[in-house]
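These notes are about the structure you will find just below.
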Amino acid sequence: MKKYEPIRFLAIIALLLLLLVFVQIESYAQSPLGKKLSISLKNEPLKSALDKISLTSGIKFTYNEQVANSKIKITVLAQDKSLNEILNTALADQPFKFTELGKEVYIKSDPAKEKKVLADPAANPAEGQERHTISGTISSSKTGETLIAATIRVSGTKQATLSNEYGFYSILLPKGKYTIEVSAVGSQTNIQSVQVNKNLKLNIALDDSANELETVNITSSSARRAIDNPQMGMERLTVSETKTIPVILGERDIIKTLQLLPGVKASSEGTSGFFVRGGSADQNMILLDEAPVYNASHLLGFFSTFNSDAIKNVTLYKSGMPAQYGGRLSSVMDIKMNDGNNQKVSVSGGVGMIAARLNVEGPIQKGKSSFLISARRTYLDPFLKLSSDTSVKKIKLYFYDVNAKANYILGDKDRLFISGYLGRDVLRSDKLTGLDWGNVTSTLRWNHVFNSKLFSNTSLIFSNYDYTIQSTEEQNSLSLFSQIRDWNFKEDIQWFANEKNTVSFGVNAIYHTIKPGEVRADGNTGFIPQDLQKRYSLENAAYVSNTWKANDLFSLTYGLRLSAFSILGSGDYYDVNSAGQVTGTTSYKKGEIVKTYFNLEPRIAAALQFNESTSIKASYVRNAQNLHLISNSNSISPTDRWLASTNIIKPEISDQVSLGYYKNLADNAYEFTSEVYYKDLKNQIDYRDGADIYTNRPIETQLLYGKGRAYGIEMLLKKKTGRLTGWIGYTLSKSERQVDGINNNQWYNTRQDRTHDISIVGMYALNDKWSLSANWVFSTGSAVTFPNAKYRLLGESYFYFSERNGERMPSYHRLDLGATRILKKTKTYSSELSMSLYNAYGRSNAYGIQFRDNPYDANRTEAVQTSLFRFVPSISYDFKF
């Protein structure tokens with residue numbers, strides 16, 4: 001591959017960006033607000049007046065439901081005046097403002113001009129004034145689904161709050177009359193007038209956006225990053241936001257979308273594994289309806305286990321994790337499943353190049369309870385049966401997953417949820433090696449509202465991951481089985497103490513059972529059946545945190561998590577010397593405590609707001625991790641082994657500090673964020689030179705321990721409105737380890753270290769039928785260990801390796817293109833066709849590089865590059881009724 005090829009493509013991208021700038025400048029030169037016209041209107045309703053101005057001028061207006069339903073009337077008497085002058089005069093005393101949006105004019109509410117309704121005391125409450133609480137649940141009127149992070153705002157004041165993970169909110173107000181605005185991404189704003197003279201329960205159902213292409217609906221702060229919230233390093237996605245992004249083989253994947261954001265890096269070409277801020281793959285906690293998922297991959301990592309049809313919301317925390325989360329150092333990915341439509345039966349699904357999906361949901365009792373069943377399966381194996389080769393016909397190659405959920409509204413204060421996931425991969429051929437692996441999770445959750453200020457979530461959770469490797473030859477067979485299983489209890493409570501303080505506290509207890517390996521042999525394999533010892537442990541935690549809004553400019557979240565990890569018998573535990581040799585063994589009875597590790601995990605985050613569009617934030621968080629993944633590859637493998645902390649393997653510890661700058665630009669049409677971070681890591685695990693992680697010797701004999709550090713800067717510019725949306729992300733980072741016994745005890749790169757990472761994502765709504773998308777990614781090659789010498793002995797070649805991870809894979813870059821065509825869309829039925837081209841310019845990116853003797857001259861060495869994907873087209877059909 002030519003040395004300057006990445007530079008050439010970067011130059012092309014730069015030229016395209018310059019072209020866009022010139023186009024934008026040209027569009028400003030033809031400003032719609034500069035157009036002159038003559039028109040006369042008297043006491044005309046706002047929407048009707050805008051329609052008539054549009055008809056006269058040819059300029060299109062876009063606005064949300066609040067403008068469309070406004071009862072305000074305006075008078076316009078203009079003779080050869082610019083549209084800018086006309087609107088300035090007509091809306092001078094009205095709670096609306098306007099701005100250009102391409103060749104259109106966008107009208108929206110202006111909080112600064114809104115008239116205060118009776119309750120001026122709300123903005124400046126007098127000490128001791130009577131206060132009451134408004135609380136309730138925000139949901140979708142169409143499906144009954146609770147809405148996460150909906151914004152509840154009090155007009156004429158700076159008081160606002162967000163609904164929690166279960167749609168519940170609470171806000172404290174002085175006695176008086178108020179206008180409440182409720183908004184959420186993809187929904188129409190709901191405006192209600194309320195008289196507050198007692199505690200009030202107000203459940204609000206939001207209508208979906210009537211026409212997403214014709215109405216630009218961006219007034220909700222939930223549609224953008226909250227600049228006044230102390231939370232840092234958080235990315236929240238809905239499935240609709242990932243819908244048009246092109247992906248490999250047409251399978252929508254929330255993890256692949258997150259990989260396009262700064263600080264999140266794909267583990268390898270096309271896979272769903274990921275690294276966050278220099279951490280390893282096992283340092284990411286993945287939760288599905290609160291249940292840990294220990295291997296979130298299908299088809300050897302090329303697809304994630306998460307069927308988008310069943311997913312409501314995804315939240316990724318890269319830093320400053322809230323105190324209720326623990327157990328991992330780098331990130332938490334919290335995935336919530338849809339609850340199910342409690343209004344009517346709905347069926348949706350799709351057919352792609354390798355898999356088919358079907359989703360059915362509906363009410364059990366309308367408005368009170370609902371169910372959801374979502375299933376997906378690949379169909380590569382039926383095509384293999386068409387082969388004329390009998391051995392190919394007997395190959396099994398498929399994966400499937402099933403999501404199911406039911407929820408019941410038991411009364412005004414109680415709601416019960418039952419959810420589960422089952423997924424399995426099978427790769428097997430007749431009389432040859434086979435591999436299958438999969439996850440099972442289930443969650444029983446009870447939401448209870450004690451009163452208008454106190455909300456409780458109680459969960460009982462089960463999680464299981466296992467894999468089996470099997471080899472069969474004639475009458476002989478050999479199999480290896482490994483498993484990790486959890487039983488988990490959680491109690492989380494939110495207390496909305498007052499208008500300045502929201503307190504969260506709770507407890508969590510997990511009982512882990514890990515079966516490292518169980519070997520079974522039949523026939524004359526030469527292997528002796530054996531079981532590696534099961535490991536048992538109990539992981540407990542208690543936490544408390546408070547978000548304190550000191551004033552309109554400063555907010556602070558502070559908390560503490562106390563974790564206790566107890567290693568339990570039965571089993572043998574070892575003493576190992578510096579050479580990796582076992583020097584002693586201690587046996588423990590069932591239930592006997594081997595050792596308990598206690599860790600205090602403080603966290604604090606602050607936000608200082610300079611104005612309505614600008615803020616800075618800072619955070620510090622300590623995390624402890626007691627489960628570790630043993631892997632011999634850079635990508636996620638189903639045969640990776642989980643192990644718990646032991647008397648020798650100590651909990652991993654990280655201390656991360658972050659500082660960020662946040663800016664909303666061009667009337668919130670753009671969003672810029674920049675975060676710099678430093679992460680200090682203790683008790684990091686790596687392998688001895690020449691380690692064999694699959695030996696039956698104690699795994700501790702193959703490991704070394706040391707420290708690490710990761711640091712970098714992330715920048716993200718997002719365009720969130722108009723027909724063209726998307727983002728540009730850039731990460732400059734470093735990830736290193738220092739372990740005695742490796743690399744002469746000097747600092748060395750981790751395998752996931754990549755200096756530069758760039759992503760450019762664009763989505764364009766061409767018209768009401770077609771939408772186009774593209775993304776381009778570039779990253780520095782991963783750090784790898786290549787041989788730097790070779791010697792031959794008795795006719796065999798042996799490679800010599802010196803510096804750990806001292807070399808680089810070639811730089812990676814790729815362009816993906818996509819298009820979506822809406823075939824039919826009515827109130828009861830919709831269908832669409834999605835097409836994409838993965839790796840559009842056919843870059844041969846390196847998946848792996850192997851060194852071998854030249855077949856014609858053994859004294860010469862050649863490097864052989866393996867590439868996976870070039871020019872991968874896909875097409876899929878989706879429907880809903």
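Atoms considered below: every heavy atom in the structure, side chains included; atoms not considered: hydrogens, waters and symmetry mates.
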Return yes when atom CD1 of Ile593 has more than 12 non-hydrogen atoms of other residues, nucleotides or ligands closer than 6.0 Å, and no otherwise.
no
So, Asn342 versus Ser370: side-chain donor-acceptor pair below 3.5 Å or not?
no
Scan side-chain atoms only and decide if Asn623 and Arg603 contain a donor-acceptor pair under the 3.5 Å cut-off.
yes
Do the side-chain N and O atoms of Glu361 and Asn338 include a donor-acceptor pair separated by under 3.5 angstrom?
no
Pick from Gln625, Glu652, Arg328, His628: which one makes a side-chain hydrogen bond (donor to acceptor under 3.5 Å, both in side chains) with Gln283?
Glu652
Looking at every heavy atom in both Ser330 and Gly279, which two are closest together, and how far apart are they?
OG-CA, 3.2 Å
Using the ring of Tyr467 (Phe, Tyr or Trp, six-membered ring only), decide whether Arg641 places NZ or CZ under 6.0 Å from its centre and within 45 degrees of its axis.
no
Between Tyr166 and Asn457, a side-chain donor and acceptor under 3.5 Å:
yes
Are any of the side-chain nitrogens in Arg357 or Asp309 under 4.0 Å away from the carboxylate oxygens of its partner?
yes
If you apply the rule side chain to side chain contact (heavy atoms under 4.5 Å, CB included), what do you find for Tyr317 with Val276, and how did you get there?
CA-CA 10 Å; Tyr317 298 94; Val276 175; over 6 Å; no
Does a donor on one side chain sit under 3.5 Å from an acceptor on the other, for Asp253 and Ser304?
yes
Fit a plane to each ring of Tyr294 and Trp642, take the angle between them on a 0 to 90° scale, and name the class: parallel (under 30°), tilted (30 to 60°) or perpendicular (over 60°).
perpendicular
Phe371: ring-ring contact (aromatic ring centres under 6.0 Å, His included) partners, not counting sequence neighbours:
none
Side chains of Glu290 and Thr443: donor-acceptor distance under 3.5 Å anywhere?
no
Under 3.5 Å, is there a donor-acceptor pair linking the side chains of Ser563 and Asn599?
no
Within 45° of the axis and under 6.0 Å from the centre of the six-membered ring of Phe303, does NZ or CZ of Lys256 qualify?
yes
Are more than 12 heavy atoms from other residues, nucleotides or ligands located less than 6.0 Å from atom NZ of Lys595?
no
Quick one about Thr441 and Asn439 (side-chain donor to acceptor, distance below 3.5 Å, no hydrogens or angles considered), yes or no?
no
Asp492/Lys490 salt bridge by N-O under 4.0 Å criterion:
yes
Hey, what's the ring geometry for Trp446 with His448, parallel, tilted or perpendicular (30° and 60° as the breaks)?
tilted
Does either side chain, that of Asn307 or that of Ser374, offer a donor lying less than 3.5 Å from an acceptor on the other one?
yes
Shortest non-hydrogen pair, Arg277 vs Gly233, comes out as NH2-CA, 4.5 Å
Which of Lys515, Arg424, Arg485 passes salt bridge (charged side-chain N to carboxylate O under 4.0 Å, His left out) with Asp466? It is Arg424
Under-4.0 Å salt bridge between Asp425 and Lys396:
no
